[in-house]
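Quantities reported herein were computed from a predicted structural model and do not represent experimental measurements. Only heavy atoms go into these numbers, but all of them, side chains included; no hydrogens, no water, no symmetry mates. So you know, we letter chains A, B, ... as the sequences are listed, proteins then strands, and number each from 1.
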Amino acid sequence: MPTITLPDGSQRSFEQPVTVGGVAAAIGAGLARAALAGEVDGRLVDTTHVITGDARVRIVTAKDPQGLEILRHSTAHLLAQAVQSIYPQAQVTIGPVIEDGFYYDFAFERPFTPEDLEKFEARMRELARADQPVRRRELPREEAIAHFRALGEHYKAEIIVGIPADQPITLYGQGDWEDLCRGPHVPSTGRLGAFNLTKVAGAYWRGDSRNEMLQRIYGTAWADEKQLKDYLQRLEEAEKRDHRRIGRELDLFHFQEEAPGAVFWHPHGWTVFQGLIDYMRERQNAAGYQEISTPEIMDRELWVQSGHLEKFGENMFLTRTPDERVYAIKPMNCPGHVQVFRHGLHSYRELPIRLAEFGRVHRYEPSGALHGLLRVRAFTQDDAHIFVTEDQITGETVRGIELLMSIYRDFGFDEVKVKFADRPPRRVGDDEIWTRAENALIEATRAAGVDYTVNPGEGAFYGPKLEFVLKDAIGRDWQCGTWQVDLNLPGRLGAHYVDEHSQRRTPVMLHRAIFGSLERFLGILLEHHAGRLPTWLAPVQAVVMNITSRQAEFAAEAVDFLRNQGVRVEADLRNEKVGYKIREHTLQRVPYLLVAGDREVGSRSLAVRSRSGKDLGAMPLEEVASRIAGDVASRGLHCLED
RNA sequence: GCCCACGUAGCUCAGUCGGUAGAGCACGUCCUUGGUAAGGACGAGGUCACCGGUUCGAUUCCGGUCGUGGGCUCCA
């Protein structure tokens with residue numbers, strides 16, 4: 001006689017064992033219809049699950065995050081059923097839930113086509129309409145393996161072998177179709193409907209490129225049609241923010257076939273790029289960094305010594321000169337910085353020595369990885385290497401993290417996650433050194449009072465690192481900054497300092513980047529702001545436009561005035577209507593549109609319109625200049641104009 | 001690098017069941033002097049990504065290469 005406790009604390013007693021669905025029905029017919037699954041004593045189960053004893057029960061519906069997950073998982077099953085009903089020889093593998101949807105990987109003799117996708121989706125809708133009940137059964141492990149082998153489902157058999165012995169092997173079925181699955185699932189296929197198949201892609205079995213390629217079908221699924229529509233709309237929004245599109249629309253940069261993964265910066269794009277450099281230079285100079293510049297190509301031998309060629313070689317560009325010497329184009333700045341440090345003998349009294357460079361590096365990335373500014377083969381790092389004694393690691397790291405966070409705040413990124421990446425499989429240096437480096441970095445991170453998560457095996461080949469991840473305006477994560485402790489390269493490259501006992505010692509090198517890649521950071525900013533860069537970064541901060549040719553002379557004068565006041569301003573004196581000019585520069589996301597008509601000429605003022613379309617009224621030239629200057633000084637963080 | 005899709009004017013895209021191509025926007029000239037998101041007329045602009053093959057003839061069909069997009073893998 002089970003007594004069921006519901007989430008609101010109320011209790012219900014039943015004469016005999018009752019299913020989750022039965023509990024829902026006892027509460028109300030509406031809930032019974034909405035029930036997708038149940039949570040019994042914290043465990044997710046099917047609605048057919050029988051409760052025999054007292055339990056805490058929650059009915060899971062599509063409104064719950066877990067309910068939505070179950071819905072997506074069941075939709076993945078529906079896809080598998082549809083695929084196998086059309087192509088019985090396709091083998092099923094795995095079909096997990098992912099953000100906003102699901103995918104299912106199949107082994108099939110040929111790639112699926114977009115036409116296949118349409119057929120699958122149509123079949124899925126038929127099967128959903130048929131409203132087939134979903135069954136669950138358990139099988140003994142050996143029997144299950146034999147069962148799937150007999151069906152020719154070798155991947156499933158392989159999966160079962162990997163399931164821990166204490167877990168039951170469960171199968172879920174609907175109609176004449178059945179699949180290995182942990183569950184739970186929705187009670188019947190009629191609950192599924194708000195879904196779309198979105199794309200096909202190749203994917204390796206178990207994500208390993210040595211394994212065979214499977215056919216992955218992606219889909220999205222939601223609680224109802226409205227949510228699905230909202231999701232599709234969000235995708236559209238993200239597409240509008242795409243930095244590649246904005247880059248083209250605002251004429252910031254382009255790519256072309258002859259230079260895959262390398263950026264051609266146009267004047268406006270380069271203005272923003274330089275703005276980032278100017279800003280960073282100011283901040284790091286104030287923090288005690290010294291800027292240097294090191295060669296882009298250096299003899300291969302140096303890269304053998306550093307270990308780059310061995311551990312990073314497949315990402316490096318090499319070049320042979322007419323004298324048959326082989327040079328490497330630098331993929332990192334560290335070896336060059338060590339050369340600068342090595343030049344002359346340093347005392348411990350000089351440390352820390354902080355060498356910074358806006359270093360342009362080249363990395364041969366796999367062609368499939370390239371993606372606009374976000375993944376390129378030639379990029380500029382705001383790179384620095386800090387040479388310290390082992391005792392100084394903590395203090396310098398605390399200072400460094402403070403600088404990093406302060407800079408991110410200036411760009412409006414208030415939410416920053418930190419990840420600690422420890423020793424990778426491909427590395428230089430023995431384990432004792434790695435342990436020391438990892439411990440030092442963890443201690444320093446704690447001292448800085450920063451929470452972090454661990455990213456195992458993702459450190460650089462020469463040392464562990466912190467990764468700084470920013471959250472953008474639409475909630476996406478971007479890894480930008482890095483802080484690394486390196487007990488390896490200084491020794492390999494022969495860096496020394498003299499300690500207080502006149503002994504030569506090897507310094508520790510801290511590697512750090514804040515933007516990471518300037519190209520990438522700029523791409524992130526474009527997406528974060530949807531192209532509406534704050535005034536301090538906007539390539540064109542203001543445009544002065546005349547209404548008729550009568551005001552051309554004054555407009556030109558106004559441009560000169562503002563330019564002298566340090567405003568990045570352009571004139572638009574074309575023979576077009578003012579509405580046309582407003583539209584064009586609004587589309588160009590210019591923060592201030594300044595109109596000169598006869599009224600303004602008389603008072604030596606400009607009518608100011610903000611990027612958001614607000615009329616700020618006419619202002620004397622001086623006031624326009626000081627207003628824009630104020631906006632620039634605040635870095636737009638407190639600017640309400642948009 | 002691997003899988004799939006795609007590559008036509010500066011941009012967004014039509015089109016050709018094989019007979020060397022078209023729209024809108026942008027661009028140029030002219031008209032228009034118009035107060036806050038598109039005034040009008042005319043015009044110029046393309047080796048249909050590249051290389052081969054099939055064919056009387058290829059932008060179209062086939063093969064390859066390069067590039068782009070989405071995944072996989074990897075990373076800033």
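Atom P of nucleotide B/G69 and atom CG of A/Leu373 are separated by 11 Å, given to the nearest angstrom. In this structure, the CZ atom of A/Phe554 is 18 Å from the P atom of B/G35, given to the nearest Å. Following rounding to the nearest Å, A/Glu258 (CD) and B/C66 (C1') show an atom-to-atom distance of 10 Å. A/Asp572 has its CG atom 15 Å from the P atom of B/A37, to the nearest Å. When the P atom of B/C74 is taken as reference, atom CG of A/Asn455 falls 11 Å away, rounded to whole Å. One atom, CD of A/Gln215, and another, C1' of B/A5, lie 13 Å apart when rounded to the nearest Å. Residue A/Met545 contributes atom CE, which lies 15 Å from atom P of B/G35 at whole-angstrom precision. The distance from atom CG of A/Leu573 to atom C1' of B/G35 is 16 Å, rounded to the nearest whole Å.
Here, B/A26 and B/U12 have their P atoms 15 Å apart, quoted to the whole Å. Between B/G52 and B/C66, the distance separating the two C1' atoms is 14 Å to the nearest Å. Using C1' as the reference atom, B/U20 and B/U59 are 8 Å apart when rounded to the nearest Å. Taking the P atom of each, B/U8 and B/C50 are spaced 10 Å apart, rounded to whole Å. A distance of about 16 Å separates the C1' atoms of B/C48 and B/G10, rounded to the whole Å. B/G45 sits 14 Å from B/C11 when the C1' atoms are compared, rounded to a whole Å. Straight-line distance between the C1' atoms of B/A23 and B/U65: roughly 32 Å, to the nearest whole Å. Separating the C1' atom of B/G53 from that of B/G46 is a span of 25 Å, rounded to the nearest Å.
Taking for each of A/Tyr364 and A/His371 the nucleotide of RNA chain B with the nearest heavy atom, the 5'-most of the two is the partner of A/Tyr364. Projected onto RNA chain B by closest heavy-atom contact, A/Gly457 and A/Ala369 fall at different nucleotides, the more 5' of which corresponds to A/Ala369.
With hydrogens and angles ignored, no donor-acceptor pair under 3.5 angstrom links the side chain of A/Tyr580 to the base of B/G35. Judged by distance alone, with hydrogens and angles left aside, A/Glu365 brings a side-chain donor or acceptor within reach of the base of B/A76, the pair sitting under 3.5 Å. For B/G35, its base never sits under 3.5 Å from the side chain of A/Gln551 at any donor and acceptor pair.
Among the nucleotides B/G71, B/A76, B/C27, the one closest to any side-chain atom of A/Lys199 is B/G71. In this structure, of B/A49, B/A76, B/U33, it is B/U33 that holds the atom nearest to the side chain of A/Ser549. Side-chain proximity of A/Ala203 to B/G67, B/C72, B/U33: nearest is B/C72. Side chain of A/Glu467, nearest nucleotide from B/A76, B/G35, B/G67: B/A76. The nucleotide whose nearest atom lies closest to any side-chain atom of A/Pro366 is, among B/G1, B/U36, B/A76, B/G1. Comparing B/U68, B/G69, B/G39 against the side chain of A/Arg244 picks out B/G69 as the nearest. Proximity note for A/Leu370 (side chain, C-beta onward) versus B/A76, B/U68, B/G67: the nearest is B/U68. Of the candidate nucleotides B/U36, B/G1, B/U33, B/G1 has the atom lying nearest to any side-chain atom of A/Arg377. Taking the side chain of A/Lys465 as heavy atoms from C-beta on, and the options B/G67, B/A37, B/A76, the nearest nucleotide is B/A76. The A/Glu576 side chain lies nearest to B/G39 when the options are B/G70, B/G39, B/A38.
Across all strands, A/Asn315 comes closer than 4.0 Å to no nucleic acid atom at all (heavy-atom distances). Contact annotation for A/Phe255: no contact, since no heavy-atom pair falls under 4.0 Å across all strands. At the heavy-atom level, A/Arg216 lies under 4.0 Å from the strands shown only through sugar-phosphate atoms. At a threshold of 4.0 angstrom between heavy atoms, the contacts of A/Ala513 with the nucleic acid are absent. Nucleic acid contact for A/Gly359: none, since no nucleic acid atom lies under 4.0 Å from a heavy atom of the residue. Note on A/Val376: a base of the nucleic acid sits closer than 4.0 angstrom, heavy atoms only. Contact annotation for A/Gly597: base contact, defined as any heavy-atom pair under 4.0 Å involving a base atom. Using a 4.0 Å heavy-atom distance criterion, A/Val595 is classed as a base contact. Using a 4.0 Å heavy-atom cutoff across all strands shown, A/Leu587 reaches at least one base atom of the nucleic acid.
Rounded to the nearest 0.5 angstrom, A/Ile524 CD1 and A/His529 NE2 are separated by 11.5 Å. Atom CG of A/Asp242 and atom CD1 of A/Ile246 lie 7.5 Å apart (nearest 0.5 Å).
Between A/His254 and B/C11, a side-chain N or O to OP1/OP2 separation shorter than 4.0 Å is absent. Contact check, A/Lys581 against B/G35: no side-chain N or O comes under 4.0 Å of OP1 or OP2. Of the side-chain N and O atoms in A/Gln381, none sit less than 4.0 angstrom from OP1 or OP2 of B/A76. The shortest distance between the side-chain N/O atoms of A/Thr586 and the OP1/OP2 oxygens of B/A37 is not below 4.0 Å. Contact between the side-chain N/O atoms of A/Tyr103 and the OP1/OP2 oxygens of B/C72 is not found at any separation under 4.0 Å. Residue A/Arg248 places at least one side-chain N or O closer than 4.0 Å to OP1 or OP2 of B/U12. OP1 and OP2 of B/C74 both lie 4.0 Å or more from every side-chain N or O belonging to A/Tyr204. Contact between the side-chain N/O atoms of A/Arg206 and the OP1/OP2 oxygens of B/C72 is not found at any separation under 4.0 Å.
Side-chain contact check for A/Thr586 versus A/Leu593: some heavy-atom pair is nearer than 4.5 Å. Using a 4.5 Å heavy-atom cutoff, the side chains of A/His371 and A/His243 are in contact. Side-chain contact between A/His362 and A/Pro331 is absent, with no heavy atoms from C-beta onward closer than 4.5 Å.
Across every strand in view, B/A14 sits unpaired, with no contact that passes the Watson-Crick or G-U test at under 3.5 angstrom. Nucleotide B/G1: paired with B/C72 (Watson-Crick or G-U wobble, both distances less than 3.5 Å). Across all strands shown, nothing is found opposite B/A26 as a Watson-Crick or G-U wobble partner with both distances under 3.5 Å. With both pairing distances under 3.5 Å, B/C48 is matched to nothing as a Watson-Crick or G-U wobble pair.
The local environment of CD in A/Glu249 is crowded, with over 12 non-hydrogen atoms from other residues, nucleotides or ligands closer than 6.0 Å.
Taking the six-membered ring wherever Trp is involved, the centroid distance between the rings of A/Phe102 and A/Tyr218 does not fall below 6.0 Å. Ring pair A/Phe521/A/Phe515: centre-to-centre distance below 6.0 Å. Aromatic rings of A/Phe411 and A/His528 (six-membered ring for Trp) have centroids beyond the 6.0 Å cut-off, not under it.
A salt bridge between A/Glu158 and A/Arg206 is present, with a side-chain N of the basic residue lying under 4.0 Å from a carboxylate O of the acidic one.
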